[in-house]
Structures are given as C-alpha cells and as structure tokens.
Amino acid sequence: SPKQAASIAEYRNKGGKFRRKSDFARSFVVSDSIYRRLESYIDIPLVDLNLADSAAFDSLPGIGGWFASKMVAYRKELGGYSYKEQLMDIYRFDQERYDRICDLIEAGREGVMPFDLWGLPADSLCKHPYIRNMETARSIVLYRSNVPKDEWTVDALEREGILSHEDASRLMKCIIVSP
C-alpha cells in the first residue's frame with residue numbers, strides 16, 4: 001500500500017539499511033505474505049571487495065573503521081581479493097566476523113591485478129603476503145631459471161619446499177598470470 005511504501009522510504013531516508021532480504025521481512029509494515037510475494041523482486045547489491053571504499057566496508061555489520069582500513073590496505077597488498085575468505089588473513093578478522101558478512105560481500109574480478117608469480121623479480125615477489133620474504137622470492141626465481149616452463153606450478157613450489165602447504169594452498173586460489 002502507499003502507506004507501507006512511505007514507511008519503508010522514511011526508514012531509508014533516516015539512514016536505515018536493508019542489508020539482506022531478511023531485513024526487509026522484519027520490517028514492521030511488511031507481513032509474511034507480502035514478503036513472500038515480493039521476495040523474488042528484492043535485489044540488494046553485494047559489496048564488492050575489489051571496488052568498495054572504506055566507507056562501504058565500514059557499513060558492513062561488525063566491521064567498523066579499523067577493519068575497513070585494514071581491508072583496503074590488504075586489498076592493495078594482494079593486488080585485489082581473489083576470493084572472499086582472504087579477509088580472514090587480516091589480523092583479528094576471525095571466522096565469526098567473516099560469517100556475519102559473507103552473504104553481503106563478493107570478490108568480483110574487476111579491479112584485480114593478476115599476480116605475476118612467473119615473471120616478477122625477487123624484490124617484487126617478496127611483497128606478496130603469501131611469499132613474504134626475500135629468501136622465498138629468490139628461491140622462486142631460482143626455480144624458474146632451473147626448471148622447464150611447462151613444469152611451473154604452485155604445487156611444484158610446495159613439493160620443492162619453497163612454499164609452505166598453507167601459503168601454497170592460499171596462492172593456488174589466487175588469480176595468477178599464466179607462465
């Protein structure tokens with residue numbers, strides 16, 4: 001009804017947000033039957049981890065300014081989020097916090113710079129969070145210079161002891177430039 005629509009508009013005008021479809025269902029002016037009828041038309045866009053600014057992150061439940069700035073900084077270190085779970089690499093960003101927002105976010109491909117694992121020099125490789133140090137970066141460069149290109153895989157770097165299982169697993173999920 002017009003009265004219900006006005007009430008919903010007023011809620012949004014005063015800063016209220018519908019983050020999930022279920023938030024709309026809890027609106028006091030929307031009955032269960034109306035919600036069921038409208039549910040397929042409700043479209044609440046997800047926050048794209050690779051396009052959002054810190055204000056968009058801050059608007060997510062349980063994030064706040066500190067985590068929002070860490071999310072932006074970590075995106076820069078990674079060259080973009082390849083998958084949503086990378087948020088849990090951030091200090092103190094635990095499973096509980098992730099679970100509160102995982103249905104509100106996505107890791108789109110726009111804005112992601114594929115990681116050039118097979119082409120960057122050691123001083124650039126060591127800046128990636130899953131490589132982290134110059135010794136590992138130099139080992140990758142040495143591996144590339146001594147192994148045929150068709151054998152270059154993240155699995156091989158793990159088998160050779162260059163990457164830990166944990167770092168190799170995380171790196172395998174990243175968008176990497178083909179050799």
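Scope of the values below: all heavy atoms of this structure, side chains included, with no hydrogens, waters or symmetry mates.
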Is [X] reaching over with its side chain to a backbone N or O of [Y], donor-acceptor style, under 3.5 angstrom?
| X | Y | result |
| --- | --- | --- |
| Asn13 | Ala9 | yes |
| Asn50 | Ala107 | no |
| Arg138 | Asp123 | no |
| Glu151 | Pro148 | no |

Decide whether [X] and [Y] are clustered together by the hydrophobic rule: side chain heavy atoms of Ile, Leu, Val, Met, Phe, Trp, Tyr closer than 4.5 Å, transitively.
| X | Y | value |
| --- | --- | --- |
| Leu78 | Val47 | yes |
| Val112 | Tyr81 | no |
| Tyr83 | Leu163 | yes |

Side-chain touch [X]/[Y], heavy atoms, less than 4.5 angstrom:
| X | Y | result |
| --- | --- | --- |
| Trp152 | Val147 | yes |
| Val72 | Asp53 | no |
| Leu125 | Thr136 | no |
| Ser1 | Gln4 | yes |

I need the [X] [atom1] to [Y] [atom2] distance, nearest 0.5 Å.
| X | Y | atom1 | atom2 | value |
| --- | --- | --- | --- | --- |
| Thr153 | Arg159 | OG1 | CZ | 5.0 Å |
| Asn146 | Leu142 | CG | CG | 5.0 Å |
| Arg97 | Met88 | CZ | CE | 12.5 Å |
| Leu157 | Ile131 | CG | CD1 | 8.0 Å |
| Glu135 | Cys126 | CD | SG | 12.0 Å |
| Met113 | Lys76 | CE | NZ | 10.0 Å |

Contacts under 3.5 angstrom, residues 167-179 side chains, donor-acceptor by atom type, not counting sequence neighbours:
| residue | atom | partner | partner atom | Å |
| --- | --- | --- | --- | --- |
| Asp167 | OD1 | Arg132 | NH2 | 2.8 |
| Asp167 | OD1 | Arg170 | NH2 | 2.6 |
| Asp167 | OD2 | Arg132 | NH2 | 2.4 |
| Asp167 | OD2 | Ser164 | OG | 3.4 |
| Ser169 | OG | His165 | O | 2.9 |
| Arg170 | NH1 | Asp89 | OD1 | 3.0 |

Item checked: Under 3.5 Å side-chain donor-acceptor pair for Glu85 and Tyr98 -> yes
Check: Taking atom types as modelled and ignoring hydrogens, do the side chains of Gln86 and Tyr130 form a donor-acceptor contact shorter than 3.5 angstrom?
Finding: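 Per modelled atom types, Gln86 and Tyr130 side chains form a pair under 3.5 Å.
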Please tabulate, for the side chains in residues 36-44, all donor-acceptor contacts under 3.5 angstrom to protein atoms that are two or more places apart in sequence or on a different chain.
| residue | atom | partner | partner atom | Å |
| --- | --- | --- | --- | --- |
| Glu39 | OE2 | Tyr35 | OH | 3.4 |

Looking at every heavy atom in both [X] and [Y], which two are closest together, and how far apart are they?
| X | Y | answer |
| --- | --- | --- |
| Leu46 | Ile105 | CD1-O, 3.9 Å |
| Val154 | Trp118 | N-CZ2, 4.0 Å |
| Leu104 | Arg20 | CD2-CG, 3.4 Å |
| Ile8 | Phe18 | CG2-CE1, 3.8 Å |
| Lys84 | Cys102 | NZ-O, 2.8 Å |
| Leu49 | Met71 | CD2-CE, 4.1 Å |

Side-chain polar contacts of residues 59-70 - donor-acceptor pairs under 3.5 angstrom, sequence neighbours left out - could you list them?
| residue | atom | partner | partner atom | Å |
| --- | --- | --- | --- | --- |
| Ser59 | OG | Ala56 | O | 2.6 |
| Ser69 | OG | Gly65 | O | 3.4 |
| Ser69 | OG | Trp66 | O | 2.8 |

Notebook entry, point to check: Do Glu96 and Arg100 sit within salt-bridge range, that is, some charged N less than 4.0 Å from a carboxylate O?
Noted result: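 No, no charged N to carboxylate O under 4.0 Å.
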